[in-house]
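Lettering follows sequence order; numbering is per chain, from 1.
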Amino acid sequence: MSSTEKVRVRFAPSPTGYFHIGGARTALFNWLFARRHDGVFVLRVEDTDKERNTPEYLNLIYESLRWLGLDWDEGPFAGGDCGPYLQSERGDIYRAHLDKLRAAGRVFEKEGALFFRLEGERHTAYDEYHKAEIEKVKSAPVVIDDMIRGPVERVEERDFVLVRSDGEPTFHFVNVVDDITMGITHVIRGEDHLSNTSKHLHLYAALGAAPPRFAHLPLILKDRAHGQGKMSKRDKGALVEEYRARHYLPAAVRNFLALLGWSPKDDSEVMDIGEIIERFRLEDVQKSPARFDEKKMDHINFEHLKRLPTETYAWCARPVLDAAGVAGDDVEEDYLQRVLALCQEKVDSLANLPDFCAYFFTDDYREDEKARKKTLGKPDAAQTLAEVTETLEAVPAAGWNAATLGAAFESLAAAKDNKPFAWWPLTRFAVSGVAAGPDFLPMLEVLGRERVLARLNRLRGSLA
RNA sequence: GUCCCGUUCGUCUAGCCAGGCCUAGGACACCGGGUUUUCAUCCCGGCAACAGGGGUUCGAAUCCCCUACGGGACGCCA
């Protein structure tokens, strides 16, 4: 490719299963490269496996890519000059290219399938892997100039299938034909394709086309606890869909995925997408495989959550709270934001938010048994409760704020010759049912005088 | 079995290409301590790695070779 040629990359998923993290990472790196170089990101669907493709899986791919914010410039829905973008609709194009190969004398038929003929000396030998006598070809070595790994030399030694006996073209063939006809300049894909690339290079040569640059990404391995090998759709935490369902921020998932195999080379970790695009370089991608670490993913997610403006945080939280039955449309935006302002820096995930803040919205909240024992178990609990109630009742509605409440506890403490926070744990339990939560005084303020006093009295009543 | 790729703390990584600045830095996790309550925040501290062996060199995590280990591919799957 010439240096002035516009970058064109593609993500070419096959809708034969759930969309998983590995695929998402490949899509992300292609997208980042395209955005970084002001290029074009093409989405092409490799649906040549009629046996296993389903429309549901295809939809999941679209939805997951959209959720991650990986918008494609050409492809299904987006259109483009190189369509159609579903391989199942590109039969004519494949036939035309097959004719080219035929004319070049590189196609032969065997058992109803069409094979690509390698050039070179042939011999038969027993193959330990296939446990059979097979024909091998001494073809010329090809060199893959990989942008991540450097030059990789490989010798292809077996003819391979171009068109199956059922008439469907195979991956190797359509992949190369599409990359040529779609003007793809850089092929960025998983390392599992590295050894396929030599086949592809033979095809480019036979079709008289200049090959694109290649970049083979390290694979994502399973967590050790989940066994050996590359991550598969069946592994815990493997599905993009799962992160969406658990209310992770797409920005965080993107950020984490970018860090899986790529590094900005300084200590930056939490980055917005603009910064990632700006700093992304294929040359800085790791050569060795990475293991998926859910804890780190959670951490990145929390960091992104904390950085959100409260209004945005509230916008993200509302549907989650609603779905959990904690706060519906009837909750005022102002109150919601005041509550969330207290919770945002404390709660590590949106999934945990409803449980954390339910008592702000309902009187019928869950009570923590341990917290009850810890606070009410004390011999002077009733007395403490009475003192708090009396103190807080003396604070007028007009002056009900963290500062005034703090002062009220101060004077109570002074009168009883104790620290103000001697009354806090029990009060917290009385108004929230738990031992932990947002900062105490602001929590009382936001909860409001009415709720606080009602709950204190309710608890006192239940003790009597 | 053959071929290809890889190997820095438990994990993600910086450093390696341009050898000395590395008694190897950061982050997650974990452990300990602290914070006006809170075994979900925050702060401080700690633990912990150059796979092994040769070589080159005044000097190697960094360059070369071998071994071991890990991963991938070897499908009329993609």
Side-chain angles (χ1 to χ4, degrees), chain A residues 12-17 46-49 51-53 110-115 126-131 136 144 146 148-150 152-158 160-172 174-175 189-198 216 218-219 221 223-224 228-230 256 259-270 283 286-300 302 306 343-349 352 355-356 370-371 374-375 406 409-410 413 419-429 434-441:
Chain A
S14 165
T16 54
E46 306 219 334
D47 55 348
T48 55
D49 182 357
E51 295 289 305
R52 300 190 300 154
N53 292 321
K110 192 171 118 189
E111 292 161 12
L114 300 177
F115 281 72
Y126 181 77
D127 186 88
E128 194 60 43
Y129 179 76
H130 293 92
K131 305 282 180 213
K136 290 190 176 177
I144 303 155
D146 194 279
I148 294 169
R149 282 149 224 282
V152 176
E153 186 179 287
R154 241 185 78 84
V155 175
E156 201 56 47
E157 54 180 19
R158 296 193 72 196
F160 54 90
V161 176
L162 296 170
V163 180
R164 294 191 269 262
S165 49
D166 66 0
E168 288 298 317
T170 61
F171 161 74
H172 299 300
V174 299
N175 188 269
R189 45 162 45 157
E191 197 198 332
D192 48 345
H193 286 293
L194 187 54
S195 44
N196 288 330
T197 306
S198 43
H216 288 94
L219 264 20
L221 267 30
D223 189 281
R224 288 215 191 270
Q228 298 288 297
K230 64 175 170 177
F256 174 71
L259 257 14
L260 223 47
W262 171 77
S263 144
K265 302 295 174 192
D266 60 14
D267 295 329
S268 311
E269 285 202 328
V270 181
E283 292 78 5
Q286 204 74 13
K287 294 183 183 71
S288 50
R291 247 166 245 281
F292 188 84
D293 183 0
E294 233 183 335
K295 292 263 182 59
K296 182 97 176 200
M297 165 80 247
D298 289 348
H299 167 74
I300 300 274
F302 186 27
K306 277 191 282 196
C343 302
Q344 184 175 1
E345 59 179 24
K346 294 274 187 177
V347 189
D348 64 356
S349 69
N352 286 335
D355 200 39
F356 187 84
K370 269 168 79 181
K374 212 168 144 189
T375 52
F409 276 101
E410 293 283 353
K419 297 274 192 189
F421 51 81
W423 287 268
W424 291 12
L426 181 53
T427 309
R428 179 188 286 281
F429 173 75
V434 286
D439 288 338
F440 180 66
L441 266 9

For [X], report the nucleic acid contact type (base, sugar-phosphate, nothing); a contact means any heavy atom under 4.0 Å.
| X | value |
| --- | --- |
| A/Gly406 | nothing |
| A/Leu260 | sugar-phosphate |
| A/Glu345 | sugar-phosphate |
| A/Glu111 | base |
| A/Lys419 | nothing |
| A/Ala290 | sugar-phosphate |

I want to check one thing: is the phosphate of [N], taken as OP1 and OP2, less than 4.0 Å away from some side-chain N or O of [X]?
| X | N | result |
| --- | --- | --- |
| A/His172 | B/C77 | no |
| A/Arg164 | B/A78 | yes |
| A/Thr16 | B/C77 | no |
| A/Lys296 | B/U11 | no |

Could a donor-acceptor pair under 3.5 angstrom be found where the side chain of [X] meets the base of [N]?
| X | N | result |
| --- | --- | --- |
| A/Ser195 | B/C74 | no |
| A/Asn175 | B/A78 | no |
| A/Arg291 | B/U11 | no |

Measure the distance from [atom1] on [X] to [atom2] on [N] and round it to the nearest whole Å.
| X | N | atom1 | atom2 | result |
| --- | --- | --- | --- | --- |
| A/Leu441 | B/U37 | CG | C1' | 10 Å |
| A/Leu194 | B/C74 | CG | C1' | 13 Å |
| A/Asp192 | B/C74 | CG | P | 9 Å |
| A/Glu51 | B/C77 | CD | P | 8 Å |

*Of the listed nucleotides B/C4, B/A73, B/C77, the one nearest the side chain of A/Asp49*: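 Of the candidates, B/C77 comes closest.
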*Report the nucleotide, chosen from B/G10, B/A14, B/U7, that has the shortest atom-to-atom distance to any side-chain atom of A/Lys265.*
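Within the option list, the nearest is B/A14.
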*With nearest nucleotides of RNA chain B determined for A/Lys374 and A/Val155 from heavy-atom distances, which residue corresponds to the more 5′ nucleotide?*
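By nearest-heavy-atom nucleotide position, the 5'-most residue is A/Val155.
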*Mapping A/Gly229 and A/Lys295 onto RNA chain B by nearest heavy atom, which one lands closer to the 5' end?*
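The residue whose closest nucleotide sits nearer the 5' end is A/Lys295.
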Across all strands, who's sitting opposite [N] as a Watson-Crick or G-U wobble pair, both distances under 3.5 Å?
| N | result |
| --- | --- |
| B/G75 | none |
| B/A40 | none |
| B/G46 | B/C30 |

_Is A/Tyr129 stacked against the base of B/C74, taking the criterion as centroid distance under 5.5 angstrom and interplanar angle under 30°?_
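Here the ring of A/Tyr129 and the base of B/C74 are stacked, with centres under 5.5 Å and planes under 30°.
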*Using modelled atom types only, decide if a donor and an acceptor are shared between the side chain of A/Asn53 and the backbone of A/Asp47 within a distance under 3.5 Å.*
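Side chain of A/Asn53 to backbone of A/Asp47: a pair is present.
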*Distance-only, no hydrogens or angles: does the A/Thr170 side chain make a donor-acceptor pair with backbone N or O of A/Val161 under 3.5 Å?*
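Yes; judged by distance alone, with no hydrogens or angles, the pair exists.
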*Hey, does A/Pro15 have a side-chain heavy atom less than 4.5 Å from the side chain of A/Asp49?*
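A/Asp49 vs A/Pro15: side chains apart.
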*Say whether A/Ser198 and A/Glu156, considering side chains only, have a donor N or O and an acceptor N or O under 3.5 Å apart.*
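Per modelled atom types, A/Ser198 and A/Glu156 side chains form a pair under 3.5 Å.
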*Using a distance-only test with no angle check, is there a side-chain donor-acceptor pair under 3.5 angstrom linking A/Arg52 and A/Ser14?*
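A/Arg52 vs A/Ser14: no donor-acceptor pair found between side chains.
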